[in-house]
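Since the structure comes first, as structure tokens, the remarks are kept for the end.
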Amino acid sequence: MKFGVVVFPGSNCDHDAYHVAKHVLGEKACFLWHRDSDLRECDVIVLPGGFSYGDYLRSGAIAKFSPIMESVRNHAQRGLPVLGICNGFQILQESGLLPGALLRNAGLKFLCQPVCLRTERNDLPFTAGLREGQVLEMPIAHNDGNFFLPEAELRRLEEANRVVFRYAERNGEASARANPNGSLNNIAGIVNERGNVLGLMPHPERAAEPILGSADGRLIFESLLGSLETVRN
């Protein structure tokens with residue numbers, strides 16, 4: 001499998017994502033420059049965290065105009081996996097690939113801390129190796145991670161079972177105390193209707209090796225590997 005990690009001006013987690021794909025998983029990986037349009041036959045596209053274009057206007061608002069994003073949209077429309085992490089999640093929303101907005105954290109402070117996530121679905125390429133209800137630990141690092149949708153749209157999102165991860169206690173309870181940024185319904189990650197585009201605020205690439213304090217994030221990348229290998233076989 002080949003991972004393509006998109007690099008925008010201001011990306012700062014691109015090398016982390018590349019490291020996981022190339023050195024932790026031992027798969028092919030390459031960087032994709034935002035001004036290019038060729039995805040170089042990559043199977044999985046990763047939009048990494050950081051501050052694309054300095055987060056001027058809104059987080060991800062300028063990155064959506066990068067030439068590479070038209071190719072990413074086509075990749076997604078073909079049913080192939082796209083993973084947007086933190087700023088990448090914001091870019092997916094601004095590009096219309098995922099609904100909602102990520103507002104300023106409820107406490108109006110930048111947050112960098114470990115969080116626990118409850119897995120809501122295990123029937124997706126990103127979660128096929130997980131158990132429904134399984135709790136993962138990985139870090140957040142964001143200023144604008146407060147997931148918001150108007151009430152009617154939020155209800156439709158929930159009814160369609162498109163919430164993949166929620167902030168939770170270690171025992172799996174999605175409590176207010178476990179919600180670091182004020183996200184509605186403790187939402188930490190969602191998918192598109194087809195289930196091949198995932199936006200996730202916490203950083204799985206920063207929790208993919210035991211030396212980092214948690215290797216739970218690796219399970220998301222391994223799920224992608226297993227899912228695509230199954231399709232190919």
Side-chain angles (χ1 to χ4, degrees), residues 1-8 11 13-22 24-50 52 60 63-100 119-130 157 160-165 189-205 208 217-233:
M1 182 189 297
K2 187 176 181 181
F3 286 78
V5 181
V6 180
V7 182
F8 299 95
S11 296
C13 299
D14 43 348
H15 282 267
D16 303 71
Y18 178 91
H19 170 73
V20 173
K22 180 73 172 180
V24 177
L25 299 181
E27 299 294 322
K28 296 178 181 178
C30 67
F31 293 111
L32 303 171
W33 186 233
H34 71 112
R35 294 183 65 181
D36 295 334
S37 58
D38 184 2
L39 297 185
R40 298 168 60 182
E41 299 184 341
C42 290
D43 302 291
V44 179
I45 302 300
V46 180
L47 305 184
S52 58
K64 73 175 180 180
F65 295 110
S66 292
I68 196 75
M69 287 307 300
E70 184 61 32
S71 300
V72 172
R73 291 187 192 93
N74 292 335
H75 183 89
Q77 289 170 0
R78 291 167 53 204
L80 297 170
V82 177
L83 172 60
I85 303 169
C86 198
N87 189 231
F89 187 177
Q90 296 160 342
I91 295 170
L92 289 174
Q93 289 178 316
E94 290 286 345
S95 301
L97 289 171
L98 289 176
T119 306
E120 302 291 87
R121 295 180 59 177
N122 66 348
D123 60 340
L124 300 166
F126 313 94
T127 60
L130 302 173
L157 186 81
N161 196 26
R162 289 171 57 186
V163 177
V164 185
F165 294 104
I190 63 171
V191 286
N192 63 342
E193 292 182 3
R194 195 167 180 175
N196 64 302
V197 178
L198 172 67
L200 180 65
M201 279 312 294
H203 288 265
E205 81 285 5
R218 177 173 177 167
L219 299 174
I220 293 175
F221 291 95
E222 288 179 337
S223 292
L224 279 167
L225 284 179
S227 296
L228 288 181
E229 287 173 359
T230 299
V231 171
R232 287 177 170 179
N233 295 333

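All values below were derived from every heavy atom in this structure, side-chain atoms included, with hydrogens, water molecules and symmetry-related copies excluded. All residue numbers in this chain count up from 1 along the given sequence.
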Side chains of Val197 and Val191 in contact at under 4.5 Å (non-hydrogen atoms): no
Whether Ser95 side chain and Lys64 backbone form a donor-acceptor pair below 3.5 Å: no
Glu120 CD to Asn161 CG distance, which is reported to the nearest 0.5 Å: 8.0 Å
Close side-chain approach of Met69 to Ile91, heavy-atom, < 4.5 Å: yes
Side chain to side chain donor-acceptor pair (under 3.5 Å) partners of Asn196, counting only residues at least two apart: Asn192
Side-chain heavy atoms of Val44 within contact of Phe221, under 4.5 Å: no
Salt bridge flag under 4.0 Å for residues Arg40 and Asp38: no
Sequence neighbours excluded - side chain to side chain donor-acceptor pair (under 3.5 Å) pairs with any residue from residues 75-85: none
Euclidean distance, Leu98 CG relative to Phe89 CZ, rounded to 0.5 Å: 6.0 Å
Leu32 vs Val5, side chain to side chain contact (heavy atoms under 4.5 Å, CB included): CA-CA, chis, key distance, verdict: CA-CA 6 Å; Leu32 303 171; Val5 181; over 6 Å; no
Heavy-atom side-chain contact between Pro204 and Ile85 under 4.5 Å: yes
4.5 Å side-chain heavy-atom contact, Leu47 and Gln90: no
Atom of Gly195, atom of Leu124 and distance for their closest heavy-atom approach: O-CD2, 3.7 Å
Closest non-hydrogen atom pair between Cys30 and Lys2, with its separation: SG-CE, 3.8 Å
Interatomic distance, Asn74 atom CG to Leu80 atom CG [nearest 0.5 angstrom]: 11.0 Å
Atom of Gly50, atom of Asn87 and distance for their closest heavy-atom approach: O-CB, 3.3 Å
Atom pair CG/CG of Leu200 and Leu92 - distance to nearest 0.5 Å: 11.0 Å
Ser66 and Arg35, any side-chain heavy atoms less than 4.5 Å apart: no
Spacing of Phe165 atom CZ and Leu130 atom CG [to the nearest 0.5 Å]: 5.5 Å
Under 3.5 Å: donor-acceptor pair, side chain of Arg162, backbone of Ile190: no
Under 3.5 Å: donor-acceptor pair, side chain of Ser227, backbone of Leu224: no
From Leu25 atom CG to Arg218 atom CZ, the distance as rounded to the nearest 0.5 Å: 5.5 Å
From CA spacing to verdict: side chain to side chain contact (heavy atoms under 4.5 Å, CB included), Asp14, Phe8: CA-CA 9 Å; Asp14 43 348; Phe8 299 95; over 6 Å; no
Heavy-atom check, side chain of Cys42 versus side chain of Phe3, under 4.5 Å: no
Donor-acceptor pair, side chain of Ser11 and main chain of Val7, under 3.5 angstrom: no
side-chain hydrogen bond (donor to acceptor under 3.5 Å, both in side chains) assessment of Asn122 paired with Thr127: CA-CA 5 Å; Asn122 66 348; Thr127 60; 5.9 Å; no
Partner residues of Glu94 under the side chain to side chain donor-acceptor pair (under 3.5 Å) criterion, sequence neighbours left out: Arg58
Residues that Arg73 engages under side chain to side chain donor-acceptor pair (under 3.5 Å), provided they are two or more places apart: Glu70
For Gln93, all residues meeting side chain to side chain donor-acceptor pair (under 3.5 Å), sequence neighbours excluded: none
Over all atoms of both residues, closest heavy-atom pair of Leu97 and Ala76: CD2-CB, 4.3 Å
Partner residues of Phe31 under the ring-ring contact (aromatic ring centres under 6.0 Å, His included) criterion, sequence neighbours left out: His15, Tyr18
Heavy-atom side-chain contact between Leu157 and Pro99 under 4.5 Å: yes
